[in-house]
Colleague: 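This structure is in structure tokens; I'll ask about it shortly.
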Number of protein chains: 2
Amino acid sequence: MNSTVASMRQDPDSTGSGTRLPTTAYALLGLLSFGRELSGYELKQFSDSTLRFYWSSPAMSQIYSELGRLLDHGLVDSREVDGPGSRTTTKYRINDAGLAELRGWLVTSEAEFPVLKHSVALRLLLAHLVDPGSVEAMLKTYDEQLTERRRDLAAILDGITDDETFRFPAYVAQWGLDYYAAEKRTVRRILRDLNE
Amino acid sequence: MNSTVASMRQDPDSTGSGTRLPTTAYALLGLLSFGRELSGYELKQFSDSTLRFYWSSPAMSQIYSELGRLLDHGLVDSREVDGPGSRTTTKYRINDAGLAELRGWLVTSEAEFPVLKHSVALRLLLAHLVDPGSVEAMLKTYDEQLTERRRDLAAILDGITDDETFRFPAYVAQWGLDYYAAEKRTVRRILRDLNE
DNA sequence: GGACAGTATTCCTAACTGGAATACTTCACC
DNA sequence: GGTGAAGTATTCCAGTTAGGAATACTGTCC
């Protein structure tokens with residue numbers, strides 16, 4: 001049997017479109033907008049299997065602090081759920097105010113140009129400082145990591161194609177696969193060039 | 001006439017490969033490894049024209065604080081240079097310890113898998129919450145931004161090709177151009193798909 | 001029954017961003 | 001010959017984000 005102590009700390013300052021939240025808060029709200037009720041831990045897992053591919057997957061600590069903030073702003077509802085043993089877990093669900101806030105953010109704010117933190121490219125830039133062999137090794141390792149990533153993402157895409165609910169997530173996943181394919185082509189071209 | 005008050009605060013803790021620095025510190029050290037003596041402000045400009053395309057260009061405030069740290073660790077030398085009027089500017093140059101530290105980092109640490117903060121993809125994921133028109137508008141805007149970026153980067157590449165000093169930076173710039181081209185293809189494919 | 005993986009959460013430090021504030025110089029334009 | 005805008009140079013602060021460590025309870029496997 002589950003307890004049903006609903007909690008929803010209200011912050012009068014945030015009715016409607018008051019303070020703008022950090023992007024991570026909107027990203028988490030976005031994950032919750034697919035309808036499921038999740039714990040912080042589950043949200044981290046969900047985020048590792050989706051956000052990771054085109055947005056940094058937030059640290060655990062940040063997921064919990066963002067959930068607290070969303071709660072303070074009345075954008076999610078929380079509920080204590082009895083788990084196995086004497087254990088209780090806090091689960092979170094987006095509410096109408098949260099959906100409205102998320103929609104408001106999507107239409108009123110501009111998308112920034114993507115930021116890439118590409119340490120392989122950074123190291124290639126400095127390749128004049130190291131021996132050619134280690135640059136080649138790094139690029140080969142990256143090529144292998146791309147293969148893995150691609151496999152992971154292909155598996156996820158496989159699980160959501162033909163499901164109309166995940167039409168847009170499927171576009172995004174396909175985008176990711178295209179990106180990995182382009183990276184692979186570039187890495188291989190550079191490896192060829194280096195051996196001339 | 002320029003003053004030549006050399007300063008090099010020594011930190012005994014950091015002789016050789018003691019504490020590991022944040023990646024941004026190595027990125028800046030990397031920019032300085034091309035040999036020029038730069039002020040914080042110039043380093044920001046240099047970084048905006050290079051790092052920006054595959055690594056986030058650090059904020060001004062961070063450039064200055066990293067320079068302070070590099071100085072503390074004895075990896076760069078600084079010099080007060082008389083500017084126009086009664087003005088003096090602090091200029092920084094990498095030294096032998098800095099080059100050694102940078103080489104050490106390149107060979108001993110692993111390159112992490114690139115992290116992408118792609119707010120366009122994030123918003124596309126949530127496209128079920130907004131009207132189709134605004135998604136299309138967002139993608140078109142992104143397409144235009146890609147054109148601009150590509151132009152900027154092509155100009156930079158143009159300035160460094162056929163200069164053997166910048167052989168590796170040229171590879172990286174070409175990589176960026178490939179990436180932008182791949183993004184353009186994907187965006188256009190998605191725009192086509194949306195109109196079906 | 002003890003080790004280990006998984007679930008769930010909190011705390012702390014360091015890294016990083018972005019904006020504001022300051023100040024001086026050069027240049028354009030009226 | 002003055003005024004204002006743009007460029008150079010730097011510092012400070014608050015808030016955001018990353019990442020690791022610590023804690024604790026549950027289920028599983030040998």
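Letters A, B, ... mirror the listed sequences (proteins, then strands); counts begin at 1. This structure is a prediction, so every number in the text was calculated from the model and none was measured.
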Colleague: Can B:Glu80 and B:Thr90 be counted as having a side-chain donor-acceptor contact under 3.5 angstrom?
Modeller: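 B:Glu80 vs B:Thr90: donor-acceptor pair found between side chains.
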
Colleague: Looking only at side-chain N and O atoms, does B:Arg87 come under 4.0 Å of OP1 or OP2 in C:dT26?
Modeller: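 For B:Arg87, the contact criterion (side-chain N or O under 4.0 Å from OP1 or OP2 of C:dT26) is not met.
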
Colleague: Once you round it to whole Å, what is the distance between C1' of C:dG18 and CD of A:Glu112?
Modeller: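 In whole Å, C:dG18 C1' lies 13 Å from A:Glu112 CD.
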
Colleague: Is any side-chain nitrogen or oxygen of A:Ser61 closer than 4.0 Å to OP1 or OP2 of C:dT10?
Modeller: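 Negative; the distance criterion is not met.
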
Colleague: Within the pair B:Thr24 and C:dC16, is there a side-chain N or O less than 4.0 Å away from OP1 or OP2?
Modeller: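 Yes.
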
Colleague: Is there a side-chain contact between B:Gln45 and the phosphate of D:dT8, meaning an N or O under 4.0 Å from OP1 or OP2?
Modeller: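 B:Gln45 to D:dT8 OP1/OP2: side-chain N or O found under 4.0 Å.
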
Colleague: Does a donor on one side chain and an acceptor on the other come within less than 3.5 Å for A:Ser57 and A:Ser47?
Modeller: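 Yes, side-chain donor-acceptor contact under 3.5 Å.
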
Colleague: Within the pair A:Tyr64 and C:dT9, is there a side-chain N or O less than 4.0 Å away from OP1 or OP2?
Modeller: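 The answer is yes; a side-chain N or O of A:Tyr64 sits under 4.0 Å from OP1 or OP2.
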
Colleague: Judged by each residue's nearest nucleotide on DNA chain C, which is more toward the 5′ side, A:Lys91 or B:Ser65?
Modeller: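 Taking each residue's closest nucleotide, the earlier one in sequence belongs to A:Lys91.
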
Colleague: Please confirm whether the shortest side-chain N or O distance from B:Tyr41 to OP1 or OP2 of D:dA9 is below 4.0 Å.
Modeller: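 False: B:Tyr41 side-chain N/O out of range (4.0 Å or more) of D:dA9 OP1/OP2.
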
Colleague: Using a cut-off of strictly less than 4.0 Å, decide whether A:Thr90 has a side-chain nitrogen or oxygen near OP1 or OP2 of C:dA8.
Modeller: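 Checking A:Thr90 against C:dA8: no side-chain N or O falls below 4.0 Å of OP1 or OP2.
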
Colleague: For the pair A:Glu144 and A:Lys140, find out whether any cationic side-chain nitrogen is under 4.0 Å from an anionic carboxylate oxygen.
Modeller: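 Salt bridge flag = no for A:Lys140 with A:Glu144.
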
Colleague: Should A:Thr89 be listed as having a side-chain N or O under 4.0 Å from OP1 or OP2 of C:dT7?
Modeller: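 Checking C:dT7 against A:Thr89, no side-chain N or O comes under 4.0 Å of OP1 or OP2.
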
Colleague: Assess the side chains of B:Thr108 and B:Arg20: does a donor N or O sit below 3.5 Å from an acceptor N or O?
Modeller: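 On atom types as modelled, these side chains qualify, holding a pair under 3.5 Å.
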
Colleague: Return the orientation label for the A:Tyr180 and B:Phe113 ring planes: parallel under 30°, perpendicular over 60°, tilted otherwise.
Modeller: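 The arrangement is perpendicular - the two ring planes meet at more than 60°.
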
Colleague: Whole angstrom is fine here: how far is it from CG in B:Asp82 over to P in C:dT25?
Modeller: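 Value for this atom pair: 12 Å.
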
Colleague: Roughly how many Å is it from CG in A:Leu67 to P in C:dT10, rounded to a whole number?
Modeller: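 Distance check: A:Leu67 CG to C:dT10 P gives 10 Å.
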
Colleague: For A:Glu66 and D:dG15, what is the distance between atoms CD and C1' respectively, to the nearest whole Å?
Modeller: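 For the pair A:Glu66 CD and D:dG15 C1', the rounded distance is 11 Å.
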
Colleague: Round to the nearest Å and state the distance from B:Leu21 atom CG to C:dC16 atom C1'.
Modeller: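 Nearest whole value for this atom pair: 15 Å.
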
Colleague: Just the rounded figure in Å: distance from P of D:dG15 to CD of A:Gln62.
Modeller: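 Rounding to the nearest Å, CD of A:Gln62 and P of D:dG15 are 15 Å apart.
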
Colleague: Nearest-Å distance, CG (B:Leu38) to C1' (D:dA9)?
Modeller: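 In whole Å, D:dA9 C1' lies 14 Å from B:Leu38 CG.
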
Colleague: Tell me: CD1 of B:Ile63 to P of D:dT8, nearest whole Å?
Modeller: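 Rounding to the nearest Å, CD1 of B:Ile63 and P of D:dT8 are 14 Å apart.
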
